[in-house]
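Data first, discussion second: the structure below is written as structure tokens.
Hydrogens, waters and symmetry mates are skipped; everything else that's a heavy atom, side chains included, is used.
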Amino acid sequence: QVQLVESGGGLVQAGGSLRLSCAASGRIFSSYIMGWFRQAPGKEREFVAAIGWSGGIPNYADSLKGRFAISRDIAKNTVYLQMNNLKAEDTAVYYCAAGVVRTVVSGQYDYWGQGTQVTVSS
């Protein structure tokens, strides 16, 4: 089992930045893929970014490249999502996920956090 706890969400003005954290515990294998997804009200959950727990090249949703950056700190068992130049359309609940397949499909991730709300005011 893997437990994931997100933090760092909040209210920010458009153009601002936030860094989300995902603290992982339990049986975390080096082969795991760590992903961030988001879900806005009335919309489907969408892929944001993913990175291998052991490292490697991260991948991003095309629309977010250049503004968002995913990273991980093995020593702290934590995955981060740095979000810059935030826009009102970035408002959503952001979820951390873990799985064994590097994919943009949320259903293929096995473990999920409870989510953290990000609200961007325009």
Residue pair Thr78 / Asp73, side-chain donor-acceptor N/O under 3.5 Å: no

Interatomic distance, Ser122 atom OG to Lys87 atom NZ [nearest 0.5 angstrom]: 13.0 Å

Working for side-chain contact (heavy atoms from CB on, under 4.5 Å), residues Val12 and Thr119: CA-CA 6 Å; Val12 63; Thr119 303; over 6 Å; no

Atom pair OG (Ser54) and CZ (Arg72), whose distance is rounded to the nearest 0.5 Å: 7.0 Å

Heavy-atom side-chain proximity of Val100 to Ile33 below 4.5 angstrom: no

Crowding at CD, Gln13 (>12 non-hydrogen neighbours, <6.0 Å): no

Side chains of Val118 and Asp90 in contact at under 4.5 Å (non-hydrogen atoms): no

For Trp53 against Ala24, the heavy-atom pair lying closest together: CH2-CB, 4.3 Å

Polar side-chain atom of Arg27 near backbone of Gln1 as donor-acceptor pair, under 3.5 Å: no

Verdict with reasoning, Phe68 to Trp36, per side-chain contact (heavy atoms from CB on, under 4.5 Å): CA-CA 11 Å; Phe68 287 20; Trp36 283 98; over 6 Å; no

Polar side-chain atom of Thr91 near backbone of Val120 as donor-acceptor pair, under 3.5 Å: yes

Straight-line distance of Ser25 OG to Leu4 CG, nearest 0.5 Å: 7.5 Å

Donor-acceptor under 3.5 Å (Tyr109 side chain, Thr103 main chain): yes

Test log, rule side-chain contact (heavy atoms from CB on, under 4.5 Å), inputs Val79 and Ile70: CA-CA 7 Å; Val79 179; Ile70 188 171; 4.0 Å; yes

Candidate pair Trp112 and Arg45, rule side-chain contact (heavy atoms from CB on, under 4.5 Å), full reasoning: CA-CA 12 Å; Trp112 291 85; Arg45 189 168 296 190; 3.3 Å; yes

Non-hydrogen side-chain atoms of Val5 and Gln114 separated by less than 4.5 Å: yes

Short side-chain donor-acceptor distance under 3.5 Å, Arg38 and Tyr94: yes

Glu6 side-chain N/O to Cys22 backbone N/O, donor-acceptor pair under 3.5 Å: no

CZ-OG distance between Phe47 and Ser63, expressed to the nearest 0.5 angstrom: 10.5 Å

Same cluster (ILVMFWY, side-chain, under 4.5 Å), Tyr32 and Val101: yes

Ile28 CD1 to Ile74 CD1 distance, which is reported to the nearest 0.5 Å: 8.5 Å

Main-chain N/O of Phe37 paired with Glu46 side-chain donor or acceptor, under 3.5 Å: no

Rounded distance (nearest 0.5 Å) linking atom OG of Ser71 with atom CG of Leu81: 8.5 Å

